[in-house]
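Here is the structure we will look at.
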Amino acid sequence: MNALFHSRLERAELLHWLTTDDPAPLWQAADEARAHYAGDAVHLRALIEIGNCCVRQCAYCGLRAGNRHLLRYRMSMDEITQCARQAAIYGFGTVVLQSGEDPAVSSEDIAALIRQIKSETALAVTLSLGEREEEELAQWKEAGADRYLLRFETSDPILFDSIHPSLPHRQSDRIALLHFLRSIGYEIGSGMMVGIPGQTWESLARDIELLRELDLDMIGIGPFIPNPHTPLGQRNGDPLPHQIPPTEEMTYRVLALARLACPRANIPSTTALATLNPVNGHELAFQRGANVVMPNITPEKYRARYQLYPGKTSVDATSDEGRLSIQRRILSLGRKIGQGAGCSPRYQQCSTSNALCCAASI
Ligand code: 5AD
């Protein structure tokens, strides 16, 4: 067995694997760790992008409030419920509801939506709705939500503040929110972008340490992709000193290190990664630590408007062809299609009494 598999990965080792000319042992160790702790199943999550309105001004993201080049939408509660029903019919075990940070969508509406989905289907519900009030997050948990995704984007607080301005009268503290979410029983997910202008090797290594400290259930990692309608996408000039390349290969390195740092987490092969390599990006990610993929089932008429960055591809699971194609790609690697809710192995271990997880296949 690969020695890396058992190593604790101190800072120097993280830096080594981020920069070495020979990453092959890293791929192998991450794949072994994935097989050992998470098994051979790849879980499919149905992603619904329920709205692209956002009050934030993040310097990297196309949904930022200041972007006038985007036609905004909010799906109606009926449209979302209808999509969730369809996800259950397609055989998904989880639905992910994602949007910009949009306080105009009331906490009550989201809670009612979760209750409706839970009453009609056996779906696990993952939320990815940005930084909301603790009372709202608690209300949604109470309504039956299972998981919450909130990326910390970068562990460097100065870089984070510069790309993610706080709202007036409210300092962002995503780490504190993640602790809160865990304390009230959510499975928690976080992660970062690779190659943000101004991100250094040290801070990227620190990101991986932070994943471990948070002991996450889910880890999303994608390359930074410049969006011309954002301040970071308009930056020209020479690369900053010690700039991390926002490449496909660098993303695999970070993903593989995340698997070694958090072996029992669920780790998706992300859309941003597949955008850089639509041909076999997902396959390579599945062989380098990933065990989840999130096919997009957002209605066609809205999908093009959820433009975080240009060229965004999505595995399409709304057509039979799209769904069969991703399943074929998974099976061709000798892997299985995950059944049931697919909670993280970490969460299953911590709460064996959780009924959802008893049904999971891994
Ligand atoms: N490039 C890559 N990823 C991005 N995200 C937002 N904008 C970009 C971009 N330009 C990611 C962020 C966010 C997630 C929903 O999408 O990490 O948390």
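For ligands, and for the atoms within them, numbers begin at 1 and follow the listed sequence. Keep in mind it's a predicted model, so treat the numbers as computed, not measured.
- Hydrophobic cluster membership is shared by Ile208 and Leu150, with clusters built from Ile, Leu, Val, Met, Phe, Trp and Tyr side chains linked at under 4.5 angstrom.
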Donor-acceptor contacts under 3.5 Å from residues 83-96 side chains, at least two apart:
{"from": "Arg85", "atom 1": "NE", "to": "Glu120", "atom 2": "OE1", "distance (Å)": "2.5"}
{"from": "Arg85", "atom 1": "NH1", "to": "Gln82", "atom 2": "OE1", "distance (Å)": "2.7"}
{"from": "Arg85", "atom 1": "NH2", "to": "Glu120", "atom 2": "OE2", "distance (Å)": "3.0"}
{"from": "Tyr90", "atom 1": "OH", "to": "Thr318", "atom 2": "O", "distance (Å)": "2.8"}
{"from": "Thr94", "atom 1": "OG1", "to": "Arg45", "atom 2": "NH1", "distance (Å)": "3.4"}
{"from": "Thr94", "atom 1": "OG1", "to": "Arg147", "atom 2": "NH1", "distance (Å)": "3.0"}
{"from": "Thr94", "atom 1": "OG1", "to": "Ala341", "atom 2": "O", "distance (Å)": "3.1"}

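- A donor-acceptor pair shorter than 3.5 Å can be found between the side chains of Glu32 and Gln28.
- Figure legend: Lys312 and Tyr306 shown without cation-pi pairing, the cationic atom not lying both under 6.0 angstrom from the six-membered ring centre and within 45 degrees of its axis.
- Closest to atom 16 (O) of ligand 1 among all protein heavy atoms lies Leu308 CD1, 3.4 Å.
- No side-chain donor from either of Thr154 and Gln199 sits under 3.5 Å from a side-chain acceptor of the other.
- Evaluated by nearest non-hydrogen atom to atom 10 (N) of ligand 1, the leading choice among Thr230, Asn227, Val194, Ile225 is Ile225.
- For atom 13 (C) of ligand 1, the nearest protein heavy atom (residue, atom name, distance) is Glu153 OE2, 3.4 Å.
- Checking only distances, Tyr309 never comes within under 3.5 Å of ligand 1, N or O to N or O.
- When all heavy atoms are compared, the tightest approach of Leu70 to Arg305 is CD1-O, 3.4 Å.
- Counting protein heavy atoms only, atom 6 (C) of ligand 1 is closest to Tyr60 CD1, 3.6 Å.
- For atom 2 (C) of ligand 1, the nearest non-hydrogen atom of the protein is Pro223 O, 3.1 Å.
- Contact annotation: Gly220 has no heavy atom less than 4.0 Å from any atom of ligand 1.
- Placement of Met294 and Leu127 in two distinct hydrophobic clusters is found when ILVMFWY residues are connected by side-chain heavy-atom separations under 4.5 Å, directly or transitively.
- In this structure, of Met193, Met192, Gln98, the residue bringing a heavy atom nearest to atom 3 (N) of ligand 1 is Met193.
- Shortest contact from atom 11 (C) of ligand 1 to any protein heavy atom: Arg151 NH1, 3.8 Å.
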